[in-house]
There are 2 protein chains.
Amino acid sequence: MNGGKTVRLIDIANRLGLTVNTVSRALRDKSDIGAETKERVRNTAREMGYIPNSIASSLRKGSSKTIAIVFDNLVNPYFMIMADKIHSRLDARGYASMIFAGYEGGFTTEILGQILSRKVDGIITFLEPDLDVLRILSTNQIPIVLLGRKNTTLEVDSVATDDFKGGYLITEAMIASGAKKIAYIGVPSTVECSVRRLNGMTKCLKDHQVPFYSELSHFVNGESIEQIFHKLKDSQTDAIFCFNDMIALEVYRFAAESGLKVPSELKIGGFDDIQTEFKMPIKLTTIASDRDEIVDTTIRLMLDKVRQKTPYDDYQYVDFDVRIVYGDTT
Amino acid sequence: MNGGKTVRLIDIANRLGLTVNTVSRALRDKSDIGAETKERVRNTAREMGYIPNSIASSLRKGSSKTIAIVFDNLVNPYFMIMADKIHSRLDARGYASMIFAGYEGGFTTEILGQILSRKVDGIITFLEPDLDVLRILSTNQIPIVLLGRKNTTLEVDSVATDDFKGGYLITEAMIASGAKKIAYIGVPSTVECSVRRLNGMTKCLKDHQVPFYSELSHFVNGESIEQIFHKLKDSQTDAIFCFNDMIALEVYRFAAESGLKVPSELKIGGFDDIQTEFKMPIKLTTIASDRDEIVDTTIRLMLDKVRQKTPYDDYQYVDFDVRIVYGDTT
DNA sequence: ATAGCAAACATTATCGTTAATGTCAAGCAT
DNA sequence: ATGCTTGACATTAACGATAATGTTTGCTAT
């Protein structure tokens with residue numbers, strides 16, 4: 001276009017004999033700029049290939065129109081499905097998404113520094129933040145929404161599924177399909193929702209007078225699913241409720257490799273219903289929820305705070321209903 | 001900390017009776033600042049909870065330390081695996097990753113505007129950019145690397161796998177397992193790598209004197225895999241080479257539902273080997289490559305240009321070797 | 001004693017955009 | 001004709017950090 005240098009407002013201004021401010025306001029369609037001038041500015045901006053510098057704009061306005069999305073791990077279908085929806089909804093409202101991921105050690109203040117230095121307008125996280133993190137966010141009045149992993153002990157907006165009901169429903173399905181000895185493979189008990197799912201399961205067992213074997217509950221934290229699977233296999237377990245579909249699929253794989261028939265010899269229950277977007281060779285019995293609704297609520301909570309329609313300290317813990325999806329594993 | 005307002009360099013400066021510049025240089029460990037001063041600055045910065053404003057820094061320095069990652073769709077295991085690796089490598093080098101996704105209409109200049117307005121230092125894309133896009137990037141000297149979808153007609157750094165060899169190897173595996181009538185399910189032929197994979201397949205068929213039925217080649221572009229599958233089923237196809245593992249898994253699902261035995265009645269070949277990170281109930285015969293090496297090369301090409309170690313117009317088309325992974329589908 | 005120099009910090013200008021005021025001429029009512 | 005409004009643009013001052021220069025003090029060498 002103009003031989004290397006990027007086009008700025010001042011370049012347009014000089015070309016037209018106007019000032020930067022007039023050009024800026026013209027492009028933003030402010031009312032105190034003449035209609036004809038606006039038209040000329042828009043045209044020359046296009047001709048000169050002007051691209052707004054949102055860094056400069058952010059600095060001046062104090063808002064970057066960017067939302068941070070925090071994962072522990074990108075390679076998780078459920079997170080990706082949600083992230084995809086979050087991203088497209090934010091995009092439609094003019095917000096960019098910045099990824100922050102790969103934090104095995106949790107959501108610490110160190111990570112927060114990196115996020116805040118980018119001057120994001122808000123944070124949507126799949127990772128439970130530290131108390132210190134929440135404190136810093138609060139003093140800086142940066143909104144944060146915890147997604148998928150509701151934690152009622154934290155003062156933070158949370159949007160999640162009804163884990164208890166999910167655990168209950170999936171257990172019920174396994175019992176209905178003949179399960180007598182049901183195991184649980186979850187994630188570390190520091191993750192509240194894993195505990196809630198297990199609680200739903202034990203309640204269901206009690207209601208149906210099926211015994212609960214606490215030694216069959218596993219909270220994966222480094223050990224391989226394979227090891228756990230083989231332990232369970234030796235213990236005559238006939239059903240496994242898995243924290244999520246990823247674990248369920250892996251369990252299915254080991255079952256198949258060990259020659260265990262699913263569902264006759266082993267019933268498997270998952271959680272998340274990722275098969276709607278990730279086509280699988282088998283159909284899992286799993287727990288589904290209305291993800292669009294969940295994401296819409298998340299975005300709404302976030303943007304309401306970003307735009308200060310909601311006071312910062314007005315926390316909400318939203319739970320969404322779940323339903324069971326019957327597959328070939330029960 | 002200090003009651004709401006965010007801490008800036010000038011706040012530290014005032015507290016210590018220094019100037020902003022001195023504080024700035026102290027924090028960046030410049031040589032013209034006294035050791036004792038540096039220490040005092042660092043301490044009060046920590047005490048006051050100073051978080052650098054990288055927006056301001058970016059504006060002044062003209063570099064945002066951010067790389068754009070462009071997808072057509074986030075919900076694709078292969079992209080996720082790669083994105084995860086890209087992200088963590090960039091993060092280790094101090095670069096943030098900004099997601100741009102959901103562009104069904106391709107990588108157009110409109111999207112580019114959004115990316116460039118964010119003043120990213122470079123773009124890593126899984127989507128083939130328009131010619132206009134490349135032209136604008138060139139005038140602005142913004143580096144771009146095309147990943148996974150090498151296109152030799154475009155003047156752009158490309159890093160990809162040896163698609164031809166992959167197509168050849170997978171076809172060879174299907175033939176070895178008894179396939180006589182092999183179909184192909186790819187993506188639209190505007191995507192060069194889909195064509196290259198098919199070319200590898202036809203070459204292999206020729207070498208092994210197995211007939212090629214062009215009517216069995218499909219380039220999915222909206223139709224459902226299910227429809228195509230049933231058409232192929234009616235035509236007595238005994239093997240299907242799928243453009244990627246996602247399609248292969250879906251095909252497997254329909255085969256299972258139709259009662260077709262895999263691999264005896266139907267052989268299935270995939271591409272990408274996503275099962276290393278996504279545990280599947282079955283093991284696919286597929287094409288693998290060294291993803292770490294691919295990503296490392298991508299990052300190297302990118303950062304070398306960002307840091308101007310490589311001239312902008314020095315394009316490279318890097319192909320990585322592939323190998324076959326034998327699964328239960330051949 | 002004084003030029004010369006370096007260490008350590010201060011001043012000033014700048015990145016590109018935007019908000020808050022200023023200016024000025026045309027149009028209107030009294 | 002005078003004052004007042006208002007439309008349309010200009011001026012000035014931020015936003016926070018950093019690069020390019022300045023300034024001061026103390027010390028060394030001659």
Side-chain angles (χ1 to χ4, degrees), chain A residues 2 4-42 44-45 48-66 94 113 116-121 140, chain B residues 2 4-42 44-45 48-66 94 113 116-121 140:
Chain A
N2 64 349
K5 279 315 296 157
T6 83
V7 180
R8 298 154 304 166
L9 289 182
I10 197 171
D11 299 317
I12 301 175
N14 288 339
R15 174 93 81 97
L16 293 174
L18 296 168
T19 63
V20 232
N21 185 36
T22 304
V23 173
S24 171
R25 298 180 69 76
L27 288 175
R28 281 175 300 143
D29 203 27
K30 294 289 178 178
S31 61
D32 63 346
I33 305 293
E36 196 208 350
T37 306
K38 281 181 183 171
E39 194 54 29
R40 285 170 59 220
V41 168
R42 274 193 291 261
T44 46
M48 298 177 75
Y50 171 70
I51 294 171
N53 183 333
S54 68
I55 293 284
S57 171
S58 296
L59 177 59
R60 182 61 240 248
K61 299 206 289 188
S63 149
S64 63
K65 286 271 185 180
T66 302
L116 291 188
S117 83
R118 299 278 173 176
K119 293 291 158 186
V120 300
D121 293 342
N140 291 78
Chain B
N2 65 347
K5 277 318 294 160
T6 83
V7 180
R8 300 154 302 168
L9 288 183
I10 197 170
D11 300 317
I12 301 175
N14 288 339
R15 174 93 81 99
L16 294 175
L18 296 169
T19 63
V20 233
N21 185 38
T22 304
V23 174
S24 171
R25 299 180 67 76
L27 287 175
R28 282 175 299 143
D29 203 27
K30 295 287 178 177
S31 61
D32 63 345
I33 305 294
E36 197 208 347
T37 306
K38 282 181 183 172
E39 194 55 26
R40 286 171 60 222
V41 169
R42 273 194 292 261
T44 47
M48 298 177 74
Y50 172 69
I51 294 171
N53 183 331
S54 68
I55 294 283
S57 170
S58 296
L59 178 60
R60 181 64 240 251
K61 298 205 291 189
S63 148
S64 63
K65 285 272 186 181
T66 302
L116 291 189
S117 83
R118 298 279 173 176
K119 293 290 157 186
V120 301
D121 293 342
N140 289 79

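A note on names: the letters A, B, ... follow the listed sequences, proteins ahead of strands, and every chain is numbered from 1. Both backbone and side-chain heavy atoms feed into the values below; hydrogens, waters and symmetry mates do not.
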Output the rounded distance in Å from [atom1] ([X]) to [atom2] ([N]).
| X | N | atom1 | atom2 | answer |
| --- | --- | --- | --- | --- |
| A:Ile33 | D:dT6 | CD1 | P | 18 Å |
| B:Lys38 | C:dC9 | NZ | C1' | 13 Å |
| B:Lys30 | C:dA10 | NZ | C1' | 17 Å |
| A:Ile10 | D:dT12 | CD1 | P | 14 Å |
| A:Ile55 | C:dT17 | CD1 | P | 11 Å |
| A:Arg118 | D:dA17 | CZ | P | 14 Å |
| A:Arg25 | D:dG7 | CZ | C1' | 13 Å |
| A:Lys65 | C:dT18 | NZ | P | 12 Å |

- Between B:Gly17 and B:Lys61, which is nearer to the 5' end of DNA chain C once each is assigned its nearest nucleotide?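 Looking at DNA chain C, the more 5' nearest nucleotide goes with B:Gly17.
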- 5' precedence on DNA chain C between B:Arg40 and B:Leu59 (nearest-nucleotide basis):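 Whichever sits nearer the 5' end wins; that is B:Arg40.
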- Would you give the length of the straight line joining atom OG1 of B:Thr6 to atom CG of A:Leu116, rounded to the nearest 0.5 angstrom?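 Interatomic distance, B:Thr6 OG1 to A:Leu116 CG, rounded to 0.5 Å: 10.0 Å.
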- Item | Pairwise distance CD1(B:Ile33) to OG(B:Ser24) - rounded to 0.5 angstrom |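 B:Ile33 atom CD1 to B:Ser24 atom OG measures 9.0 Å (nearest 0.5 Å).
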In terms of side-chain heavy atoms of [X], which of [options] is nearest?
| X | options | result |
| --- | --- | --- |
| A:Asn53 | C:dT17, C:dA20, D:dA17 | C:dT17 |
| B:Leu9 | D:dA17, C:dC9, C:dG16 | D:dA17 |
| B:Arg8 | D:dG16, D:dC9, D:dT18 | D:dG16 |
| A:Leu18 | D:dC9, C:dT17, C:dA10 | D:dC9 |
| A:Tyr50 | C:dT17, D:dC9, C:dT11 | C:dT17 |
| A:Thr22 | D:dA10, C:dA8, C:dT17 | D:dA10 |
| B:Arg28 | D:dA10, C:dT18, D:dT18 | D:dT18 |
| A:Ser57 | D:dA19, C:dT18, C:dC9 | C:dT18 |

- Message: Side-chain N or O of A:Thr37 versus OP1/OP2 of D:dC9: is the shortest distance under 4.0 Å?
- Response: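 Result: yes.
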- Item | Phosphate-side-chain proximity, A:Ser24 and C:dT18, N/O vs OP1/OP2 below 4.0 Å |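 It does, given that an N or O in the side chain of A:Ser24 lies less than 4.0 Å from OP1 or OP2 of C:dT18.
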- Message: Ignoring hydrogens and geometry beyond distance, is the side chain of A:Arg60 in donor-acceptor contact with the base of C:dT17 at under 3.5 Å?
- Response: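 Side chain to base: no pair present.
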- Message: At less than 3.5 Å, do the side-chain atoms of B:Asn21 and the base atoms of C:dT11 form a donor-acceptor pair?
- Response: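 Answer yes: a donor N or O sits under 3.5 Å from an acceptor.
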Distance-only, no hydrogens or angles: does the [X] side chain make a donor-acceptor pair with backbone N or O of [Y] under 3.5 Å?
| X | Y | value |
| --- | --- | --- |
| A:Lys38 | A:Arg28 | no |
| B:Ser117 | A:Ser54 | no |
| B:Thr44 | B:Ile12 | no |

- Message: Using heavy-atom distances to pick each residue's nearest nucleotide on DNA chain D, tell me which of B:Asp32 and B:Ile51 is more 5'.
- Response: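 Closer to the 5' end of DNA chain D: B:Ile51.
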- Item | Validation row: B:Asn53, B:Arg8 side chains within 4.5 angstrom (heavy atoms) |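 Sidechains of B:Arg8 and B:Asn53: no contact.
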- Contact class for B:Gly62 vs. all strands (heavy atom < 4.0 Å): base, sugar-phosphate, or nothing?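 No contact at all - B:Gly62 keeps every heavy atom at 4.0 Å or more from the nucleic acid.
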